[in-house]
Protein chains: 2
Amino acid sequence: MALNQTFKAIADPVRRQILEGLKSHRQSAGEIAAAFQLSQATVSYHLKLLKAAGLVNTTKEKNFVYYELNTSVFEEMLTWIYRMGAMGGSQDED
Amino acid sequence: MALNQTFKAIADPVRRQILEGLKSHRQSAGEIAAAFQLSQATVSYHLKLLKAAGLVNTTKEKNFVYYELNTSVFEEMLTWIYRMGAMGGSQDED
DNA sequence: ACTCTATTTAGATTTTTTTCGAAATAGGGT
DNA sequence: ACCCTATTTCGAAAAAAATCTAAATAGAGT
């Protein structure tokens with residue numbers, strides 16, 4: 001199950017912030033790193049995990065590597081959460 | 001933000017399994033622990049994190065402590081994910 | 001081919017999380 | 001009061017994750 005990887009990826013506040021920064025527009029690794037008080041290497045490590053989890057896609061352009069959101073992976077998570085019974089209403093037991 | 005705690009709680013496979021076991025009916029700490037090959041102390045630790053995250057509620061009865069799901073906390077997560085753009089369709093940029 | 005810039009990888013260290021066994025707590029029942 | 005069962009807390013050890021600096025890679029432009 002790749003779900004575990006997804007949940008783990010999303011569990012870190014730095015990685016969630018990266019994803020949030022990617023919501024409106026893609027960003028290069030450098031731009032992303034600039035938003036944090038962490039070394040570029042550390043941010044690169046987080047980026048690698050996000051990519052491995054399928055949460056972002058990359059495009060290479062010139063020397064730059066652009067990262068963009070891949071929302072499709074969120075749906076698995078959504079499904080898991082829904083299955084737990086979190087559909088906003090009050091559903092009865094059967 | 002308590003969201004961080006929630007995401008962290010959900011990130012561990014043992015804890016997710018505990019929640020899944022609680023989907024249909026409440027369980028005592030002992031019953032929960034019996035489903036894992038972990039010491040009772042370890043399971044108790046996971047239970048504590050789930051409780052701290054608000055994902056479960058407890059009721060004391062006799063010597064037993066019963067755990068049950070609290071689905072309301074899931075909604076915050078749901079909201080976060082939705083905000084990331086994961087609403088199943090293809091929403092355009094503004 | 002050389003150099004510059006952007007990014008990733010390597011190796012080591014620190015921090016956080018998970019785990020255990022043993023001891024402590026709590027609430028009955030006798 | 002004592003014992004029994006269920007659960008939690010404590011303190012330490014092991015495992016996993018995050019972080020850093022320095023070195024490696026990659027691609028462009030000259």
Side-chain angles (χ1 to χ4, degrees), chain A residues 1-22 25-70 73 77, chain B residues 1-22 25-70 73 77:
Chain A
M1 214 197 269
L3 237 205
N4 190 43
Q5 222 178 354
T6 313
F7 277 121
K8 278 251 179 85
I10 236 70
D12 185 276
V14 170
R15 289 193 290 270
R16 280 202 306 281
Q17 235 176 291
I18 291 175
L19 293 176
E20 280 166 18
L22 257 30
H25 50 280
R26 69 178 200 171
Q27 280 184 298
S28 70
E31 290 177 295
I32 294 167
F36 296 91
Q37 302 207 265
L38 294 169
S39 72
Q40 191 127 328
T42 297
V43 174
S44 187
Y45 156 78
H46 285 300
L47 254 10
K48 185 165 76 171
L49 296 194
L50 288 172
K51 174 119 202 240
L55 287 161
V56 296
N57 293 325
T58 58
T59 325
K60 203 150 200 190
E61 224 162 286
K62 214 200 141 186
N63 318 13
F64 302 86
V65 178
Y66 288 99
Y67 284 81
E68 64 185 339
L69 260 188
N70 177 15
V73 182
M77 266 193 295
Chain B
M1 215 197 268
L3 238 204
N4 189 42
Q5 223 178 353
T6 313
F7 277 121
K8 279 250 180 86
I10 236 71
D12 185 275
V14 170
R15 289 191 291 269
R16 280 202 307 281
Q17 234 175 292
I18 291 175
L19 292 176
E20 280 166 17
L22 256 32
H25 50 279
R26 69 177 199 171
Q27 280 184 299
S28 69
E31 290 177 295
I32 294 168
F36 296 91
Q37 303 208 262
L38 295 168
S39 71
Q40 191 126 309
T42 297
V43 174
S44 187
Y45 158 78
H46 286 298
L47 255 10
K48 185 165 76 171
L49 296 194
L50 288 173
K51 174 119 203 240
L55 286 160
V56 296
N57 293 326
T58 57
T59 325
K60 203 151 201 189
E61 225 162 285
K62 214 201 141 190
N63 318 10
F64 302 86
V65 177
Y66 288 99
Y67 285 81
E68 64 185 339
L69 262 188
N70 177 15
V73 181
M77 266 193 294

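These numbers were taken from a predicted model, which means no experiment stands behind them. In what follows, every chain begins at residue 1, and chains take the letters A, B, ... in the order their sequences are listed.
- Rounded to an integer number of Å, the gap from CG of B/Leu38 to P of C/dG21 is 11 Å.
- Not one side-chain nitrogen or oxygen of A/Ser28 sits closer than 4.0 Å to the OP1 or OP2 atom of C/dA6.
- Rounding to whole angstrom units, CZ of residue A/Phe64 and P of C/dT8 are separated by 12 Å.
- Phosphate proximity of C/dT19 to B/Thr42: absent, as no side-chain N or O sits under 4.0 Å from OP1 or OP2.
- For B/Lys8, counting side-chain heavy atoms from C-beta on, the closest listed nucleotide (C/dA6, C/dT18, C/dT17) is C/dT17.
- Separating the NZ atom of A/Lys51 from the P atom of C/dT9 is a distance of 10 Å, rounded to the nearest angstrom.
- A close approach under 4.0 Å does occur between a side-chain nitrogen or oxygen of B/His46 and OP1 or OP2 of C/dT19.
- Counting to the nearest Å, the P atom of C/dT17 and the CD atom of B/Gln5 are 11 Å from each other.
- Spacing between atom CG of B/Asn4 and atom P of D/dA17 amounts to 16 Å, rounded to whole angstrom units.
- Among the atoms of the strands shown, only primed sugar atoms or phosphate atoms (P, OP1, OP2) are found under 4.0 Å from some heavy atom of B/Tyr67.
- Residue A/Ser44 has its side chain nearest to C/dT9 when only D/dA18, C/dT9, D/dT8 are considered.
- Within the structure, every side-chain polar atom (N or O) of B/Tyr45 is placed at least 4.0 Å from both OP1 and OP2 of C/dT16.
- Put simply, CD1 on A/Ile32 is 11 Å from C1' on C/dT7, counting in whole angstrom units.
- Atom CD in B/Gln40 sits about 9 Å away from atom P in D/dA6, given to the nearest Å.
- Across the protein-nucleic acid pair, B/Tyr66 atom OH and D/dT5 atom C1' stand 13 Å apart, rounded to whole Å.
- Among D/dT9, C/dT18, C/dT19, the nucleotide with an atom closest to any side-chain atom of B/Lys48 is D/dT9.
- If you check every strand for non-hydrogen atoms under 4.0 Å, B/Phe36 touches nothing.
- At the heavy-atom level, B/Leu49 lies under 4.0 Å from the strands shown only through sugar-phosphate atoms.
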**Message:** At under 4.0 Å between heavy atoms, how does the protein contact nucleotides 22-30 of chain D? Give one character per nucleotide, 5' to 3', with B, S or -.
**Reply:** B---SBS--
